[in-house]
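Given the structure is predicted, the values throughout are model-derived calculations rather than measurements.
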Amino acid sequence: LMSKKSQRDIDISTNAARPVAWRGQVLVWVTIFALAFPVYWTTAYLEAPVWAISLLIVLPALLAFVGVNAWIFLVKRGLFTWLRVARLPAKLMARGETAAAEAAYATALERARRYAPDDHRRGVMLCELAMFAKLQGRVAEALALYEESIEILFPQAAKQPFDYFVALNNYGICFIHLKDFDAAQRILEKAIDLTFAARKREADVFVRMQLGQVQMLQLVLHLNLAVLLIELRELREAELQLREADVLVPMLSKQ
């Protein structure tokens, strides 16, 4: 049922190089100087009121913020394109449209395979499709998809750790369902350790993750470890995991 790669201890550490921070600093200074000139010109030569100066600064910044976020969610994250295709099978199955869901799954899998073997989009799509396959009872197929997804997302974890952690968590859950508790525990515990590294950017491995993302990931991982330890009848250890999760709950945003 499981490949040899599945049965091995998964090394989820990374030796990715430190992200180049000077680009961000250059962008900040260029933006400051770009805004400084029109502000000086407006105040010195046009004697514009304060509200006009404020508008001159705030409006471009607001438009830039909206533009960047639109690009991230609509283009980079594929909210209405490739990611929507990957999530469609699960939505159709939830509505009871089995045949349509399986057809959408085949279409999404073919779409994912169009991307290069190291394309981040391919890795995220395969993770979504692996979850669908697992829920249909096709565990061997799901494991193969998770393994390929993790193999793709692993080299990019330094810059985009969130998707990598999600894939690891879901991969660990697969092993819980298979009763391979040793493999599940190794994956989930290492994932928790790496969330701290991602938050602190230890050894310059990860881009610093937002606190809210880290806390949400840690909560999910602690709960899944608790489920695993209950299965192993390690109730004291399970209680410790639940206590850790309990501490995190008030810190999460309402969303």
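The closest side-chain heavy-atom distance from L188 to I176 is below 4.5 Å. Residues Q218 and V214 have side chains in contact (heavy-atom distance under 4.5 Å, counting atoms from C-beta outward). Put simply, the side chain of K134 reaches to within 4.5 Å of the side chain of I173, judged on heavy atoms. Side-chain contact between I152 and H120 is absent, with no heavy-atom pair separated by less than 4.5 Å. Counting heavy atoms from C-beta on, the side chains of W82 and V124 come closer than 4.5 Å. Using a 4.5 Å cut-off on side-chain heavy atoms (C-beta onward), L223 and L242 make contact.
Note: Y146 and Y171 have tilted aromatic rings, judged against thresholds of 30 and 60 degrees for the angle between ring planes.
Taking CG from N169 and CG from L221, the interatomic distance works out to 5.0 Å, rounded to the nearest 0.5 Å. From Q241, atom CD reaches atom CD of E234 across 11.5 Å, with rounding to the nearest 0.5 Å. Note that the CD1 atom of I187 and the CG atom of N224 stand 12.0 Å from one another [nearest 0.5 Å]. Taking SG from C127 and CD1 from I150, the interatomic distance works out to 7.5 Å, rounded to the nearest 0.5 Å. Between atom CD of residue E237 and atom CG of residue L229 there is a gap of 6.5 Å, rounded to the nearest 0.5 Å. The CG atom of L88 sits 11.5 Å away from atom CZ of R111, with the distance rounded to the nearest 0.5 Å.
Few gaps surround CZ on R114; more than 12 heavy atoms of other groups in view lie less than 6.0 Å from it.
Nearest heavy atom pair, residue D119 against residue Q156, reads C-NE2, 4.1 Å. Across all non-hydrogen atoms, the minimal contact from T195 to F165 is N-CZ, 3.8 Å. Across every non-hydrogen atom of A167 and L153, the tightest pair is CB-CD1, 4.0 Å. A pairwise comparison of heavy atoms in A184 and G172 identifies CB-O, 3.5 Å as the closest pair. Minimum interatomic distance between A86 and L129 (heavy atoms only, all atoms of both residues): O-CD2, 3.7 Å. For the pair A90 and F132, the tightest heavy-atom approach, listed with the atom from each and the gap, is N-CD1, 3.8 Å.
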Assess whether side-chain contact (heavy atoms from CB on, under 4.5 Å) is satisfied between M93 and Q136, documenting all intermediate values.
-> CA-CA 10 Å; M93 187 63 73; Q136 310 319 309; 3.4 Å; yes

When you look at L240 and E244, which way does the side-chain contact (heavy atoms from CB on, under 4.5 Å) test go after all the steps?
-> CA-CA 6 Å; L240 292 176; E244 292 287 347; 5.7 Å; no

Under the side-chain contact (heavy atoms from CB on, under 4.5 Å) rule, what do L143 and L178 come out as? Steps first, then yes or no, please.
-> CA-CA 11 Å; L143 285 173; L178 288 172; 3.6 Å; yes

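Linking Ile, Leu, Val, Met, Phe, Trp and Tyr whenever their side-chain heavy atoms come within less than 4.5 Å leaves M131 and L145 in two separate clusters. Grouping the Ile, Leu, Val, Met, Phe, Trp and Tyr side chains by contacts below 4.5 angstrom, directly or via other members, places L92 apart from L83. Note on L126 and F154: separate hydrophobic clusters, where clusters join Ile, Leu, Val, Met, Phe, Trp and Tyr whose side-chain heavy atoms are under 4.5 Å apart, directly or indirectly. With hydrophobic clusters built from ILVMFWY side chains whose heavy atoms lie under 4.5 angstrom apart, F181 shares a cluster with L225. In this structure, V227 is not a member of the same hydrophobic cluster as M216, with clusters built from ILVMFWY side-chain heavy atoms closer than 4.5 Å.
Ionic pairing of R122 and E148 is present here: one or more N-O contacts between side-chain nitrogen and carboxylate oxygen are shorter than 4.0 angstrom.
In this structure, the salt bridge (charged side-chain N to carboxylate O under 4.0 Å, His left out) partners of R138, at least two apart in sequence or on a different chain, are E102, E141.
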